[in-house]
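Each residue takes its place number in the sequence, starting with 1. Just so it is clear, the model here is predicted, and its values are computed rather than measured.
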Amino acid sequence: DILSTKLTNALLKEKDLSVLLQYVSEELGVSVLAEQNMLRKPFETYFINKEHEKIYDAYSRGEQLSNGGFVEVFPIKSEQAYYGKLVLIGCGRLKEKEQCIAERSVMSFLWYFNKQHKVAESTWKKKIDLFEQLLEQQMNLEEIKIDTSVFDININERNRVIVIQSDIED
């Protein structure tokens, strides 16, 4: 279908989460957001009108929804991880075809969040390795300058870095 193609192309072009939400919103005519796992706190939102924001506010507070308002929640999860929820908000109910389209779009969000998770893991691994080398004094100053991009530090500005080593047994 057209939405799946748009979402796949957006992922291949490394577009951000807001673009994915926008595509789903435009296809289904609803507001869309990605919520954190177990919390009703959004990563990103795409509201098409104020009424949908009010519906989401009531939903997030656990209140009864206004007449005709609906919230559909789709888990974004794999066998290994639960990344969050895709939440659709609108007035009236989703038709069966729209429900199927929404369910298929979840795979694109799973792909997006899995990739973000892998990038974060890789970045943290690089940070851990760099700190371990610093603690073991295996790097000279020139090597440290090369790897500072891992820490988002502007090497031309004054910075203070404190490294504390602890032993798990302590």
Side-chain angles (χ1 to χ4, degrees), residues 1-131 147-154 157:
D1 72 74
I2 295 169
L3 178 60
S4 293
T5 302
K6 287 173 78 173
L7 291 172
T8 300
N9 288 334
L11 289 167
L12 292 172
K13 293 177 182 175
E14 298 186 355
K15 299 289 186 180
D16 64 12
L17 183 57
S18 64
V19 172
L20 301 177
L21 295 175
Q22 178 184 350
Y23 288 164
V24 173
S25 176
E26 290 170 351
E27 178 72 21
L28 299 176
V30 296
S31 294
V32 186
L33 56 103
E35 274 187 341
Q36 293 182 24
N37 182 17
M38 302 302 207
L39 303 172
R40 289 189 174 153
K41 184 177 178 187
F43 289 113
E44 186 75 44
T45 62
Y46 190 86
F47 289 107
I48 58 176
N49 62 45
K50 293 287 185 190
E51 182 62 28
H52 291 182
E53 286 186 60
K54 290 178 186 176
I55 292 169
Y56 179 71
D57 288 341
Y59 161 77
S60 65
R61 291 191 304 270
E63 298 173 2
Q64 187 165 342
L65 303 180
S66 63
N67 291 344
F70 78 88
V71 174
E72 289 279 342
V73 179
F74 300 89
I76 303 169
K77 65 179 183 174
S78 67
E79 291 179 1
Q80 295 82 20
Y82 190 102
Y83 296 109
K85 299 171 274 195
L86 181 66
V87 181
L88 307 182
I89 303 155
C91 298
R93 280 270 176 229
L94 288 177
K95 296 177 180 115
E96 189 175 329
K97 181 181 178 184
E98 294 169 331
Q99 182 87 18
C100 288
I101 291 169
E103 288 172 358
R104 282 195 307 265
S105 73
V106 170
M107 187 58 64
S108 296
F109 290 92
L110 179 59
W111 185 9
Y112 173 84
F113 282 110
N114 187 60
K115 182 175 187 278
Q116 295 301 314
H117 178 74
K118 297 293 182 196
V119 168
E121 272 184 342
S122 173
T123 301
W124 275 104
K125 174 77 172 108
K126 288 177 185 175
K127 289 178 184 184
I128 290 167
D129 291 347
L130 182 60
F131 272 127
D147 288 335
T148 56
S149 62
V150 172
F151 294 102
D152 297 322
I153 296 172
N154 182 347
E157 293 180 4

Please check this pair: side chain of Thr123 against backbone of Val119, looking for a donor-acceptor N/O pair closer than 3.5 Å. yes
For side chain to side chain contact (heavy atoms under 4.5 Å, CB included), just list the numbers for Phe74 and Gln99, CA-CA rounded to whole Å, side-chain angles, deciding distance to a tenth of an Å, and then say yes or no. CA-CA 10 Å; Phe74 300 89; Gln99 182 87 18; 3.6 Å; yes
Taking all atoms of both residues into account, what is the closest heavy-atom pair of Leu65 and Ala58, and its distance? CD2-CB, 4.3 Å
Crowding at CD, Gln64 (>12 non-hydrogen neighbours, <6.0 Å): no
Within-4.5 Å side-chain heavy-atom neighbours: Cys91 and His52: yes
How many angstroms lie between CZ in Arg104 and CG in Leu7, if you round to the nearest 0.5 Å? 11.0 Å
Interatomic spacing from CD in Gln36 to CD1 in Ile76 - rounded to 0.5 Å: 11.5 Å
Looking only at heavy atoms, the pair that brings Ile89 and Val30 closest together is O-CB, 3.3 Å
Which residues pass the ring-ring contact (aromatic ring centres under 6.0 Å, His included) test with Tyr82, sequence neighbours left out? none
Write down the atom of Ile55, the atom of Phe70, and the distance for their closest heavy-atom approach. CG2-O, 4.1 Å
How many angstroms lie between CD in Gln22 and CD1 in Ile48, if you round to the nearest 0.5 Å? 11.5 Å
Validation row: Tyr23, Val32 side chains within 4.5 angstrom (heavy atoms): no
Quick one: list whatever passes side chain to side chain donor-acceptor pair (under 3.5 Å) with Glu96, sequence neighbours left out. none
Any side-chain heavy-atom pair of Leu33 and Tyr46 under 4.5 Å: no
Where the side chain of Ser60 meets the backbone of Asp57, is there a donor-acceptor pair that is under 3.5 Å apart? yes
Identify the two heavy atoms, one from Leu86 and one from Ser105, that lie closest to each other, and give their separation to 0.1 Å. CD2-OG, 3.7 Å
Got a list of side-chain donor-acceptor pairs under 3.5 Å for residues 10-18, not counting sequence neighbours?
residue: Asp16; atom: OD1; partner: Ser18; partner atom: N; Å: 3.4
residue: Asp16; atom: OD1; partner: Ser18; partner atom: OG; Å: 2.7
residue: Asp16; atom: OD1; partner: Val19; partner atom: N; Å: 3.4

Between Val24 and Leu88, what is the shortest heavy-atom contact and its length? CG1-CD2, 4.1 Å
Any donor and acceptor pair, going by atom type alone, linking the side chain of Ser78 with main-chain N or O of Gln80 inside 3.5 Å? yes
Applying salt bridge (charged side-chain N to carboxylate O under 4.0 Å, His left out) to Lys6 and Glu27, what does each step give before you reach the verdict? CA-CA 10 Å; Lys6 287 173 78 173; Glu27 178 72 21; 5.9 Å; no
Flag side-chain contact, heavy atom, 4.5 Å: Leu94 against Glu72: yes
Taking all atoms of both residues into account, what is the closest heavy-atom pair of Arg93 and Glu98, and its distance? O-OE1, 4.3 Å
Could I get the full list of ring-ring contact (aromatic ring centres under 6.0 Å, His included) partners for Tyr59, not counting sequence neighbours? Tyr56
Residues forming a side chain to side chain donor-acceptor pair (under 3.5 Å) with Ser4, sequence neighbours excluded: Asp1
Could I get the full list of ring-ring contact (aromatic ring centres under 6.0 Å, His included) partners for Phe113, not counting sequence neighbours? Phe43
